[in-house]
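Ligands are counted one by one from 1 in listed order, and the atoms in each one are counted from 1 as well.
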Amino acid sequence: MNIIVTGGAGFIGSNFVFYEREKHPEDRIVCVDKLTYAGNLSTLEPVMQDPMFRFVKADICDRAAMEQLFEEEKPDMVVNFAAESHVDRSIENPEIFLETNIIGTAVLMDTCRKYGIKRYHQVSTDEVYGDLPMDRPDLFFTEETPLHTSSPYSSSKASADLLVNAYHRTYGLPVSISRCSNNYGPYQFPEKLIPLMIANALADKPLPVYGEGLNIRDWLYVEDHCKAIDIIIREGKVGEVYNIGGHNEMRNIDIVKLILDYLGKPESLITHVTDRKGHDQRYAIDPAKIHSELGWLPETMFKDGIVKTIEWYLNNKSWWEEIISGEYQNYYQEMYGNR
Ligand code: NAD
Ligand code: TYD
């Protein structure tokens, strides 16, 4: 099979490329990535010389480039990870989120229609369901939960999901959608909670916790997400949505304390800063459908995954130190300077 993986130079996409090369060496992977601030070609170095791998620098919104690529590759499947993915950036500048996350998805699906495809898979997020109240721990997001978004990021992802369903119903495009909870693991860009806190702690810099840090996220080790997508694209039903999560709810403050403790750094580094606008309270996935229909279960417990992750950042300092030495400094100043 020939699989186009968009956004494969980013966090989850790169982990998915590695997972596929290992698990299905008979399949060819073509990675399409615009290499925005979040894309890093050095991440893909281990597969760059692999004859079953090709990297193409392109924008998923560029129709001509996508058509040329499909003409050359005649892909069997497309797995779309390409996105603007950071909520805080979407609050500052929504437009690029609409462009990449909505228009990019439409252009990819149009190209799939034109050239024919066995499966178009949309990598979505639990954030499309909005948030759950803190005083109802009995509630979880199911595939039937109405879309009810909070941020420009989640709104753009929900819009894309609606378009994917529309292309299925209107044109019969063979699609599937997965909605996963928060991921953590190797190669996550250090603007996101866990790698940001690790990097700051190692530099003895303040750890900026939004508000009281009581918001809850449902954390899943990135490899478990990759495994779930792999099963969905091969065995999942066309036209279906699958929620992905491992019932691992944690308060932000507890994660930050755990990181400090592991690194032997003092809790006095924690600095409570102004809360995120429209901050979602709690995310929690009900993964019953993917478990019962496809037999997927997470393999990595949080207590092990977080250690693996911290150790990865300790052992791969050059990867993230290079990132935070450049343009990231301006971002950090703008986002946290006067917070
Ligand atoms: P990321 O920001 O680390 O990577 C995104 C990648 O997409 C980058 O390599 C970037 O260069 C590329 N890209 C951006 N715009 C592009 C464009 N116009 N054309 C081609 N490439 C482009 O993101 P991530 O955390 O790896 O997330 C990947 C996908 O998974 C996203 O769709 C996101 O919504 C979804 N998701 C993420 C999480 C999470 O916790 N990180 C959870 C659930 C779902
Ligand atoms: P993040 O990693 O941005 O993921 P998302 O907003 O998509 O869930 O943030 C995870 C949680 O951590 C979220 O509740 C916001 C909080 N947070 C902080 O408290 N401080 C920070 O510097 C960042 C980046 C996030």
Side-chain angles (χ1 to χ4, degrees), residues 5-16 31-41 43-44 56-62 65-66 79-91 96-97 99-101 103-105 107-108 122-128 131 150-151 153-154 156-157 160-161 178-185 187-197 199-200 206-220 222 225-226 229 243-245 250-253 255-256 270-276 278-283 285 332 335-336 339:
V5 174
T6 69
F11 166 45
I12 309 175
S14 60
N15 277 281
F16 183 75
C31 169
V32 177
D33 200 296
K34 186 182 174 184
L35 297 179
T36 68
Y37 79 93
N40 195 335
L41 205 47
T43 303
L44 291 171
V56 177
K57 183 176 186 301
D59 185 338
I60 59 164
C61 302
D62 181 344
M66 290 307 108
V79 185
N80 181 24
F81 291 91
E84 289 291 332
S85 67
H86 192 34
V87 173
D88 292 324
R89 288 186 191 252
S90 82
I91 293 168
I96 183 70
F97 285 74
E99 185 69 23
T100 287
N101 299 3
I103 305 293
T105 298
V107 169
L108 275 176
Q122 179 73 0
V123 180
S124 187
T125 163
D126 62 354
E127 301 194 27
V128 299
D131 61 354
S150 315
S151 70
Y153 163 68
S154 56
S156 68
K157 293 294 290 185
D161 285 11
S178 54
R179 296 183 179 141
C180 190
S181 59
N182 285 62
N183 283 214
Y184 68 102
Y187 301 109
Q188 188 166 30
F189 195 86
E191 67 189 348
K192 304 282 167 55
L193 178 76
I194 289 178
L196 185 142
M197 296 300 168
N200 282 21
L207 272 52
V209 169
Y210 299 165
E212 293 301 305
L214 303 178
N215 305 61
I216 291 171
R217 296 292 182 266
D218 186 356
W219 294 92
L220 186 72
V222 63
H225 185 186
C226 295
I229 294 173
N243 282 355
I244 309 172
M250 303 271 297
R251 301 189 311 177
N252 296 339
I253 190 74
I255 293 193
V256 171
I270 293 174
T271 314
H272 291 277
V273 300
T274 310
D275 210 349
R276 176 184 278 173
H279 199 169
D280 280 338
Q281 296 290 303
R282 170 176 169 250
Y283 302 146
I285 283 274
Y332 199 89
M335 200 61 81
Y336 297 95
R339 199 154 182 155

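Residue-ligand proximity, Ser124 to ligand 1, at heavy-atom distances under 4.0 Å covers atoms 43 (C), 44 (C). Distances below 4.0 Å separate heavy atoms of Ser181 from the following atoms of ligand 1: 42 (C), 43 (C). Taking every non-hydrogen atom of Asp59 and a distance limit under 4.0 Å, the qualifying atoms of ligand 1 come out as 17 (C), 18 (N), 19 (N). Less than 4.0 angstrom separates some heavy atom of Ala58 from each of these atoms of ligand 1: 19 (N), 20 (C). The ligand atoms of ligand 1 that sit less than 4.0 angstrom from a heavy atom of Ala82 are 7 (O), 20 (C), 21 (N), 22 (C). Taking a cut-off of under 4.0 Å to the non-hydrogen atoms of Asn182, the atoms of ligand 1 that pass are 40 (O). Residue Leu35 approaches ligand 1 through these ligand atoms, each under 4.0 Å from one of its heavy atoms: 11 (O).
In this structure, atom 40 (O) of ligand 1 lies nearest to the protein heavy atom Asn183 N, 2.8 Å. For atom 9 (O) of ligand 1, the nearest protein heavy atom (residue, atom name, distance) is Asp33 OD2, 2.6 Å. Taking atom 21 (N) of ligand 1 as the reference point, the nearest protein heavy-atom neighbour is Lys34 N, 3.0 Å. Nearest protein neighbour of atom 4 (O) of ligand 1, counting heavy atoms only, is Gly10 CA, 3.5 Å. Nearest protein heavy-atom neighbour of atom 5 (C) of ligand 1: Ala83 O, 3.5 Å. Of the protein's non-hydrogen atoms, Ser85 OG, 3.3 Å is the one closest to atom 23 (O) of ligand 1. Of all protein heavy atoms, the one lying nearest to atom 29 (C) of ligand 1 is Phe81 O, 3.3 Å. The protein heavy-atom contact nearest to atom 35 (C) of ligand 1 is Val123 CG1, 4.0 Å.
When all heavy atoms of Asp161 and Val128 are compared, the closest pair comes out as OD2-CG1, 4.0 Å. Smallest separation of non-hydrogen atoms from Cys31 and Leu44: SG-CD1, 3.9 Å.
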Inset, instruction - Walk me through it: do Asn215 and Tyr210 pass the test side chain to side chain contact (heavy atoms under 4.5 Å, CB included)? - result: CA-CA 9 Å; Asn215 305 61; Tyr210 299 165; over 6 Å; no
Inset, instruction - Go through Val123 and Ile229 one step at a time and tell me if the side chain to side chain contact (heavy atoms under 4.5 Å, CB included) criterion holds. - result: CA-CA 8 Å; Val123 180; Ile229 294 173; 4.0 Å; yes
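Panel note: side chain Asp218, backbone Ser181; no donor-acceptor pair is recorded below 3.5 Å. Looking at Asn101, its side chain does come within 3.5 Å of a backbone N or O of Glu84 through a donor-acceptor pair. In this structure a side-chain-to-backbone donor-acceptor pair under 3.5 Å is missing from Arg282 to Ile216.
Heavy atoms of Cys180 approach ligand 1 to within less than 4.0 angstrom.
Residue-to-ligand polar distances place Thr36 within reach of ligand 1: an N/O pair is separated by less than 3.5 Å.
Taking each of Phe11, Phe16, Tyr153 in turn, the one with a heavy atom nearest to atom 33 (C) of ligand 1 proves to be Tyr153. Within the set Ile60, Ile12, Leu193, the minimum heavy-atom distance to atom 38 (C) of ligand 1 is found for Ile12.
Pocket lining of ligand 2, defined as residues with a non-hydrogen atom under 4.0 Å away: His86, Val87, Glu127, Asn182, Glu191, Lys192, Leu193, Leu196, Met197, Pro208, Val209, Tyr210, Asn215, Arg217, Asn252, Arg276, His279, Tyr283, Tyr336.
Side chains of Trp219 and Ile255 form a contact here, defined as non-hydrogen atoms less than 4.5 Å apart. Using a 4.5 Å heavy-atom cutoff, the side chains of Asn40 and Phe189 are not in contact.
A search for side chain to side chain donor-acceptor pair (under 3.5 Å) contacts involving Ser14 returns nothing, not counting sequence neighbours. Taking the ring pair (Phe, Tyr, Trp, His ring centres under 6.0 Å) definition, one finds that Phe16 meets it with Phe81, sequence neighbours left out. Partners of Thr43 according to the side chain to side chain donor-acceptor pair (under 3.5 Å) rule, which considers only residues two or more places apart in sequence or in another chain, are Trp319.
A donor-acceptor pair shorter than 3.5 Å cannot be found between the side chains of Asn200 and Tyr336. Side-chain contact, Tyr283 with Glu127: a donor N or O sits under 3.5 Å from an acceptor N or O.
The proximity of Phe189 to ligand 1, defined as any non-hydrogen pair under 4.0 Å, does not occur for either the backbone or the side chain. If you look at Lys157 next to ligand 1, the close heavy atoms, those under 4.0 Å, all belong to the side chain.
By the 6.0 Å and 45° rule, Arg89 stacks over the aromatic ring of Tyr37.
The residue from Asp59, Asp33, Asn80 that alone fulfils the side chain to side chain donor-acceptor pair (under 3.5 Å) condition with Thr6 is Asn80.
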